[in-house]
Amino acid sequence: MTHLWVRAEQRLNEERVGLTPEGAKALVDTGIRVTVEESSVRAIPLQGYIDAGAEIAPENSWAQAPADAIIFGLKELPEDGTPLPHRHIMFGHAFKGQFSGKDLLRRFKDGGGTLYDLEYLVDEAGRRVAAFGYWAGFAGAAVSLIAWAAQQKGGICGPVGAYKNKDAMLTGLTAQMDATGKPRPNAIVIGALGRVGTGAADLCEALGVDVTKWDMAETASGGPFPEILQHDLFFNCILARPGTPVFVPQSALTADRKLTVIGDVACDPDSDYNPVPVYDRATNWAEPVFRAHGTPITRAHDDPPLDVMAIDNLPSMLPLESSQDYAEQLLPSLLTLSNLSDGVWARAEADFKTHVAEV
């Protein structure tokens, strides 16, 4: 019998889960054994999984799961170097040359396990079967607008946290923006036709922020793009790859500009193709923005300021909606777990074998 083991998330500020109680019941009804770990932080209560017929295991006990169990989580495992003998479904962040990714692949190689990377679960046309993109854009726009509001009072964005739901986020953000006493800013979204860009634009429009929507057609010239600098906020919602143009160059720091906040939702500062090369590290919930500066000689010109939001786990700010949405997208693939030699799972395993062979 196929056995799916849903582990508790161990990363700080991670309350999401990739399987809802409704999904668990669907799996159980098809003959898949489901075990769900207890969790002190999960956004969805445990009782729903109990009612769905799932077995319950202690929090963080996945390492002692039966050898044939498929361990399912979202974010990274503790970086303790131990070999990984199980099959794991998770975001591994290991196939693009990331330093920590190489260590993770080595652990799988040492333990004989397999990584089915959620980012590489694709259909026959190469499209991802499930993604958190919409909620990344939605939450990324929210944090960026919080940063804008802080600037209006001469400050910088303070710590952020998770919200009960999107209505609570919108209510809180409306109050923060109203408290500035300023008219609503305007924003430009690049990647507006994708899921990430749609989420960012939807958040802005819900708050009365005027949005300019650009996608591939508007950026095909390769730049420069002075129009970006004439908006209060810019949201980068496309992944960096060869040929991606630079949207905000270093020279923007000392240029005549209206732009004061960049929401780099794609968040790829380590990439050689980073289209926003005014910062070099991801931000986090405790310090949500990085204030970009020019050289020591040009820092006197840092008026207006330029803050960059580059949090890499934005959907976690709305753990309930993002979990429900993602789990609904992923469930059809989970229902085929009994046939790992075909479809999305076979393609994901092939990707893993290619990269683990290089370790």
Side-chain angles (χ1 to χ4, degrees), residues 12-16 43 132-190 196-212 228 231-237 248 257-267 269 276 278-279 281-293 302-322:
L12 185 66
N13 300 322
E14 188 53 82
E15 302 176 19
R16 292 175 296 169
F132 281 102
Y134 179 86
W135 297 105
F138 198 92
V143 178
S144 300
L145 284 166
I146 292 171
W148 175 86
Q151 289 176 344
Q152 307 317 300
K153 296 184 175 183
I156 192 167
C157 184
V160 295
Y163 290 82
K164 181 179 179 181
N165 53 45
K166 75 170 185 177
D167 291 338
M169 173 181 275
L170 291 171
T171 298
L173 190 47
T174 297
Q176 286 177 274
M177 296 181 71
D178 288 349
T180 67
K182 303 287 181 67
R184 291 293 194 257
N186 64 3
I188 182 168
V189 176
I190 295 184
V196 179
T198 299
D202 283 357
L203 181 283
C204 289
E205 290 172 344
L207 294 164
V209 173
D210 185 54
V211 184
T212 300
I228 295 173
H231 290 77
D232 296 298
L233 298 99
F234 159 52
F235 299 110
N236 175 43
C237 299
V248 182
R257 58 179 164 83
K258 187 181 178 186
L259 183 69
T260 63
V261 178
I262 298 172
D264 190 8
V265 183
C267 187
V276 192
V278 296
Y279 79 109
R281 60 183 179 273
T283 60
N284 54 55
W285 292 31
E287 296 180 347
V289 299
F290 170 82
R291 180 150 291 179
H293 295 288
D302 292 344
D303 185 16
L306 184 59
D307 291 335
V308 183
M309 186 291 306
I311 295 173
D312 66 0
N313 63 331
L314 286 163
S316 302
M317 295 184 67
L318 289 168
L320 181 60
E321 284 98 341
S322 62

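Just so we're clear, the structure is a prediction, and the values are computed from it rather than from any experiment.
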**Request:** Taking atom types as modelled, find out whether Gln151 and Asp307 have a side-chain donor-acceptor pair closer than 3.5 angstrom.
**Result:** yes

[X] (side chain) donor-acceptor with [Y] (main chain) under 3.5 angstrom:
X	Y	result
Ser322	Pro315	yes
Asp232	Ala187	no
Arg257	Pro304	yes
Glu321	Lys166	yes
Thr260	Pro305	no
Gln152	Trp148	yes

Please report the shortest heavy-atom distance between [X] and [Y], naming the atom on each side.
X	Y	answer
Pro319	Ala162	CD-CB, 4.2 Å
Cys267	Tyr279	CA-OH, 3.9 Å
Pro185	Met177	CD-CE, 3.7 Å
Gly155	Arg291	O-NH2, 3.4 Å
Cys157	Val160	SG-CG1, 4.3 Å
Ala286	Pro159	O-CG, 3.5 Å

Rounded to the nearest 0.5 Å, what's the gap from [atom1] on [X] to [atom2] on [Y]? Could you check?
X	Y	atom1	atom2	result
Thr212	Leu233	OG1	CG	11.5 Å
Asp264	Phe235	CG	CZ	11.5 Å
Leu203	Leu170	CG	CG	6.0 Å
Ser316	Leu12	OG	CG	10.0 Å
Arg16	Asn313	CZ	CG	6.5 Å

**Message:** Do Val308 and Thr283 make a side-chain contact, defined as non-hydrogen atoms from C-beta onward lying under 4.5 Å apart?
**Reply:**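 Val308 vs Thr283: side chains apart.
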
**4.5 Å side-chain heavy-atom contact, Val265 and Leu314** =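 Yes, side chains in contact.
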
**Item:** Greater than 12 external heavy atoms within 6.0 Å of Glu205's CD
**Value:** yes

